Structure formats: C-alpha cells, structure tokens
There are 2 protein chains.
Amino acid sequence: MSNLQLPVLGQDDAAACCSPMVREPLGEDAAVDLAKMFKALSDPVRLRLLSLIASHEGGEACVCDLTGPFDVSQPTISHHLKVLREAGLVCSERRGTWVYYWVLPAVLARLSALLEAPAAAGGAR
Amino acid sequence: MSNLQLPVLGQDDAAACCSPMVREPLGEDAAVDLAKMFKALSDPVRLRLLSLIASHEGGEACVCDLTGPFDVSQPTISHHLKVLREAGLVCSERRGTWVYYWVLPAVLARLSALLEAPAAAGGAR
DNA sequence: CCATCGCATAGACAGATGTCAATATAGACG
DNA sequence: CGTCTATATTGACATCTGTCTATGCGATGG
C-alpha cells in the first residue's frame, strides 16, 4: 500500500503554514492546497470517520470498527477513508487481516491555527 | 482595536457546544452541520475571499475590492460570496451603491476549536 | 426620467462527487 | 489447496458544483 506518502506540509510558503488566514490574504497556491484538505472535511461521513478514528482507544481504529456506525455500504466507507488518506489527514497500515487508521494531529493543528480568529473587532453591526 | 481578549468570549452557545472532534465521536447531526461549513471552505476562491475580507482594513470589504484579485467573472465571485454567507461564515450589508462583507469570527473560532489536536504528542508512529 | 454603476439572479453546461452492486485482492486457517 | 474474512477497486449512476453569458434590480447622478 501507499501509506508512506507525506503529501504536503512545508513545501509551500511559510505564511500558509501557521499564520491565521484572517491576518493576511492567502496566496493562490496555498489556497489550492488548503482547499483540498477542507474538501476532505466537507462530508458528514468523513467528519464522523475522522472523529471516530481520533477518539478511538489508542488513537487508531480498525476499519471493522468504522463500518458499523454508518448507514452506507462498506465500499463507500473505504472510499471515504481513501479520500481522507489522500488529503493527508490520516495514515493507514495493514496488520494481518485488518487495516488500521490514525489521524495526523499536526495537519489538523495546522488547519486549526489557520482558522484562528483574533477575537476580531469588526463584529456585528 | 484595543481590547481584544477579554473574559466574555462573544461566542456563547456556539463555542460551548463543540469540544475537539478528536476527543469524542461527532454526532450525526453535528457532522451534517459542520460539513456544510467545511464545504464552504473547500474551494480555493472562497478561501481567498474569506481571507481577503478578514484581513481587509476595518475587517470588512466591498465586493468591488474582491473581484479584482481573481481570474473568474463577477457573477462567480457573487456566487461564492453567497455560499460563504449561507454557510454562516460571513455577513453582508448594502451601503449606498456598495455591498460590504465581513467575517463572523465566532464561527471560525468554533471550527478552529473543533480541529484542535490534544498536544499532538505521540505524533507519527 | 433616464443612463450608468454595482451587484445579484437565472439558466446552461461540463466535470466532480457520493453512492451502490459486483468483483478483486490479501491474509488467515483448515 | 481451498475457503473464509476483511478491505479495496471497478464501473455505473444520479446529483451536486463551479463556471460562464445574459439579464434583472437597486442606488446614484445628470
């Protein structure tokens, strides 16, 4: 499999890495890069998958733990996991019969920092 | 803009309701709700729009300030602004001939908190 | 009152996306 | 080897999305 791939992070300009996007305008390339990650988060099933994986005991979960809670088919879950993997939000590894997934906290942290709002003064009017 | 951080965060219910999604599994309804906001963030043009608006002087921007930096047509910008508005990420108001947009920091803060990773300690495995 | 400017809406269209059933693959276990 | 279990891949399909051109609508100014 291809769980060794580390897609992004660090290749783009430094500003996109940590600075809140409400401070200075996002560059075009950084926006394209970030949009891919947010797109991976833009589906309810994927959000719940990510949440399930991250909050699972040991910080990782077998796929067999992930198919139960959803109304969609197993191939659909597999597809969503692939999307999360290709977005760089999770990694996976096969151990015997099962495949385990875990989140990459640094990537979530990067997105979190990006959305941080400095308690703006521009508020309601 | 002098008083930034002070006791009463203006977010009230919205912020209190959402602990990091890596702590406990996201509910089905919450996931649907949040996915809508992330979907609004899942386009490079919208990300840059949001960033432009937030980082603009005074925390707000006229549409006429927003059409220039992009390669897409004015109706497309208008469409993206509508998406951001319907997702609850920005608000708008007409003043004379112009329409001004500003971000809702509490909503961004909610998303940011949701993605916060707990110390990211273990990290790569 | 009419022309003009700023922005939004409507309609059309190609391409992306979420889903499923069917099938393939990879390891475990007789 | 054959079979079973756990995941992934394929292909099909309806729906959603981003974009454009054309047009509408409110406000301004002669």
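Letters go in sequence order (proteins before strands), and every chain restarts at 1. Note that the structure is predicted; figures quoted are calculated from it, not measured.
- The nearest whole Å value for the distance from the CH2 atom in A:Trp98 to the C1' atom in D:dA8 is 17 Å.
- Relative to the side chain of A:Val45, the nucleotides C:dT19, D:dT19, D:dT21 differ in distance, and C:dT19 lies closest.
- Among the atoms of the strands shown, none is found under 4.0 Å from any heavy atom of A:Phe70.
- With the nearest nucleotide of DNA chain C identified for both A:Ser42 and A:Gly96, A:Ser42 has the one nearer the 5' end.
- Both B:Val99 and B:Val72 belong to a single network of hydrophobic side chains, linked directly or stepwise wherever heavy atoms of I, L, V, M, F, W or Y lie under 4.5 Å apart.
- Looking at the side chain of A:Ser78, the nearest of the listed nucleotides C:dC20, D:dT9, D:dT19 is D:dT9.
- One atom, NZ of A:Lys82, and another, P of C:dT19, lie 16 Å apart when rounded to the nearest Å.
- Picking from D:dA8, D:dT19, C:dT9 the nucleotide with the shortest atom distance to the side chain of B:Pro75 gives C:dT9.
- With hydrogens and angles left out, the side chain of A:Gln74 and the base of D:dA6 share no donor-acceptor pair within 3.5 Å.
- Look at CD1 on A:Ile77: it is 16 Å from C1' on C:dT17, rounded to the nearest Å.
- When each of D:dT7, C:dG6, C:dC7 is scored by its nearest atom to the side-chain atoms of B:Thr97, the top-ranked nucleotide is C:dG6.
- C:dG18 atom P lies 12 Å from atom CG of A:Leu49, rounded to whole Å.
- Both the sub-6.0 Å distance and the 45° axial angle are not jointly satisfied by A:Arg85 relative to the ring of A:Tyr101.
- Under 4.0 angstrom from either OP1 or OP2 of D:dA6 there lies no side-chain N or O belonging to A:Tyr100.
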Evaluate B:Val63 against B:Gln74 for side-chain contact (heavy atoms from CB on, under 4.5 Å), listing each step before the verdict. CA-CA 9 Å; B:Val63 178; B:Gln74 173 266 320; 5.7 Å; no
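- One interatomic measurement links the two molecules: CG of A:Asp71 to C1' of C:dC20, which rounds to 14 Å at whole-angstrom precision.
- Separating the CG atom of B:Asp65 from the P atom of C:dC5 is a distance of 18 Å, rounded to the nearest angstrom.
- The side chain of A:Lys39 lies closest to C:dT17, out of C:dT17, C:dC7, D:dA8.
- Of the candidates D:dG26, C:dT19, D:dT19, D:dT19 carries the atom nearest the B:His80 side chain, counting heavy atoms from C-beta on.
- Here the P atom of nucleotide D:dC20 and the NE2 atom of B:His79 are 11 Å apart, to the nearest Å.
- When each of C:dG27, D:dC20, D:dG18 is scored by its nearest atom to the side-chain atoms of B:Thr76, the top-ranked nucleotide is D:dC20.
- Closest to the B:Cys62 side chain, of the nucleotides C:dC7, C:dT19, D:dA8, is C:dC7.
- Separating the CD atom of A:Glu93 from the C1' atom of D:dT7 is a distance of 15 Å, rounded to the nearest angstrom.
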Can you list the steps and then say if B:Leu111 with B:Leu41 is a side-chain contact (heavy atoms from CB on, under 4.5 Å)? CA-CA 11 Å; B:Leu111 295 180; B:Leu41 296 175; 4.0 Å; yes
